[in-house]
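Proteins get letters first, then strands, A, B, ... in listed order; numbering begins at 1 in each.
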There are 2 protein chains.
Amino acid sequence: MKNALSDYFKAAVSVDNVVFGFEKTGLKILLIYRGAEPFRDQWALPGDLISVDIDLVSSAEKVLQKLTGLEKIYMEQLQTFGKVNRHPYGRVFTVSYFALIKIEDAHLNPSSWAEEAAWFPINEIPNLPFDHNEILEFAKSQLKLRIRRQPIGFELLPKLFTLTELQNMYESVLETQFDVRNFRKKILFLDFITDTGKKENCVAHRPAKLFKYNAKRYQKLIENGYELAL
Amino acid sequence: MKNALSDYFKAAVSVDNVVFGFEKTGLKILLIYRGAEPFRDQWALPGDLISVDIDLVSSAEKVLQKLTGLEKIYMEQLQTFGKVNRHPYGRVFTVSYFALIKIEDAHLNPSSWAEEAAWFPINEIPNLPFDHNEILEFAKSQLKLRIRRQPIGFELLPKLFTLTELQNMYESVLETQFDVRNFRKKILFLDFITDTGKKENCVAHRPAKLFKYNAKRYQKLIENGYELAL
DNA sequence: AAATATATTGTAAAAAGTACAATAATAGTT
DNA sequence: AACTATTATTGTACTTTTTACAATATATTT
């Protein structure tokens, strides 16, 4: 009972993107409203079957662009989910990616079969089709791990940000609280965010200094054997 | 120019396993000698196309068992590689796994189209077919990351081990050196390896105490919010 | 008994992490 | 102009962790 080679070439592969967005009100996830079967008229992760003649990474970017309008944003592969019956139309393996973006900069423009795209607070996610809730939980736990060891949190913030915004972002993602003084002491000691000399304006209180992420300084840290750990 | 649904169900999926084994002479990788096309008569990672009616995790275990004889060993998913032309027979996405085992306990029994299975020192890996060298490099870097934060190193050691063996294992995997006194102080402080009261015998020097990993104690550490970091 | 080989152990100094609250700077109000 | 409301900014003492470093112990072999 040997399989013929052709028996193996009968699977489909999809990509599912977990897009994390941040704004003052907290961390959010981007979902699309499905305008096509299966699971039409349900909110789901922006994901789709991919073509056999496009590289995996390119496919992930293309799927995201088509369904949400987002492009050129930070993406990283997570894991592949491959239970036999996870898709009603046949054997579909799905490769999950996570992406990070500052919500203000995210111009949503859903097309293809995505009727809508909207941000959902991380703790108000509805039941999702397929195994999307499982994928989402995995993505959340991975984001927590990775954001502590790589300078990817800056993808969630505007180019210029205050130390308070930076701290709020880390606190939202990690679901924890930091002491203001200790947080600043540590982050400034690491020396890969630099004071731009600019300040907030039009705020009804003492304006905060604006900082920016300095990738070169971070590289130097790494070259010197330092390991980031927030 | 819309794709028909059937156009998507034309991919194959494979699993490639990076099996790390440890013994006194250092860290090794398990390769098989391919007795089938493509790349017949070359050493490669133990991997194979998988059937569309078996779950992904089960497939990974089955592929490893068939090609090498190994079963019930520690496995964890890494990443999926999906360049268009990575496989000469068509579009094949491969999901990589890494596995850990103590070489002494590994009874190799290659079957199916694997003509041989053998351990290769981690720094003497030949050129491999497909993108297997790339997969291997990714696996090595992931092993280094994961072994520092999870108690998976014990999978590479016998049930009873000496502190020197434990240190050698970590040093081999992490390609670094630890101070003997500081290493012991730290590992004993963590308190999840316990002295069995037994000792080495038949060694031409002071015999070392034998320890074992204590999973319950480790669980307690975690529950108390401790984060392992070697 | 001596030689050989590896196992075992402690301490002081440096670095990093933690807990904690008063002062500063702006816009808006009186 | 003085005052209020609001958030930004900053330092120090204490605790914990990490680091650097070498002499003694216990088994086998000669």
What is the distance, rounded to the nearest whole Å, between atom [atom1] of [X] and atom [atom2] of [N]?
X        : N      : atom1 : atom2 : answer
A:Glu200 : C:dA27 : CD    : P     : 11 Å
B:Asp179 : C:dT11 : CG    : C1'   : 13 Å
A:Ile187 : D:dT9  : CD1   : C1'   : 16 Å
B:Leu188 : C:dT8  : CG    : C1'   : 11 Å
B:Phe178 : C:dT8  : CZ    : C1'   : 19 Å
B:Phe183 : D:dA20 : CZ    : C1'   : 18 Å
A:Gln177 : C:dC20 : CD    : P     : 15 Å

TODO: Examine D:dT9: is either OP1 or OP2 under 4.0 Å from a nitrogen or oxygen in the side chain of A:Arg184? Give yes or no.
DONE: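 Yes, because at least one side-chain N or O of A:Arg184 sits under 4.0 Å from OP1 or OP2 of D:dT9.
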Open item on the list: So, OP1 or OP2 of C:dT6: does either fall under 4.0 Å of a side-chain N or O from B:Lys199?
Closed with: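 False: B:Lys199 side-chain N/O out of range (4.0 Å or more) of C:dT6 OP1/OP2.
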Task: Salt-bridge present (B:Glu155, B:Lys102; N to O < 4.0 Å) - done: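 Result for this pair is no, no salt bridge flagged.
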- [ ] Flag the pair A:Glu223 and A:Lys220 as a salt bridge only when some basic side-chain nitrogen lies within less than 4.0 angstrom of an acidic carboxylate oxygen.
- [x]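 No, A:Glu223 and A:Lys220 are not salt-bridged.
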Counting side-chain heavy atoms from C-beta on, which of [options] comes nearest to [X]?
X        : options               : answer
B:His205 : D:dC21, C:dT8, D:dA27 : D:dA27
A:Pro207 : C:dT8, D:dT9, C:dA25  : C:dA25
A:Arg181 : D:dT9, D:dC21, D:dG11 : D:dG11
A:Arg206 : C:dT8, C:dA24, D:dT10 : C:dA24

Can you tell me if [X] and [Y] form a side-chain donor-acceptor pair at under 3.5 Å?
X        : Y        : value
A:Gln150 : A:Arg146 : no
A:Thr94  : A:Asp16  : yes
A:Asp48  : A:Trp113 : yes
B:Glu61  : B:Gln65  : no

- [ ] Find which nucleotide of DNA chain C each of A:Val180 and B:Ala204 is nearest to by heavy atoms, and output the residue with the more 5' nucleotide.
- [x]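 With A:Val180 and B:Ala204 compared, the 5'-side residue is B:Ala204.
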Task: Upstream residue (5' side of DNA chain C) when B:Thr164 and A:Val203 are each assigned their closest nucleotide - done: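 In this pair, the answer is B:Thr164.
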- [ ] Take the C1' atoms of the five end pairs on each side of the helix from C:dA1-D:dT30 to C:dT30-D:dA1, get both axes, and report the angle to 10 degrees.
- [x] 10°
Task: Ring centroid separation A:Tyr170 to A:Phe178 under 6.0 Å - done: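 No; A:Phe178 has its ring centre 6.0 Å or more from that of A:Tyr170.
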Open item on the list: Before we go on, tell me: are the rings of A:Phe161 and A:Phe154 under 6.0 Å apart, centre to centre?
Closed with: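 They qualify: ring centres under 6.0 Å apart.
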Task: Polar side-chain atom of B:Asp195 near backbone of B:Gly197 as donor-acceptor pair, under 3.5 Å - done: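 Indeed, once roles are kept as given, a pair shorter than 3.5 Å links the two residues.
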Open item on the list: Treating B:Ser172 as the side-chain partner and B:Gly26 as the backbone partner, does any N or O pair qualify as donor plus acceptor under 3.5 Å?
Closed with: no
Could you list, one pair per line, each protein nitrogen or oxygen that sits under 3.5 Å from a nitrogen or oxygen of nucleotides 16-18 of chain C, together with the distance?
from   : atom 1 : to       : atom 2 : distance (Å)
C:dG17 : OP1    : A:Lys186 : NZ     : 3.3
C:dT18 : O4     : A:Lys185 : NZ     : 2.7

Task: Sugar-phosphate, base or nothing in reach of A:Asn201, heavy atoms under 4.0 Å - done: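 If one applies the 4.0 Å heavy-atom cut-off, A:Asn201 turns out to touch nothing in the nucleic acid.
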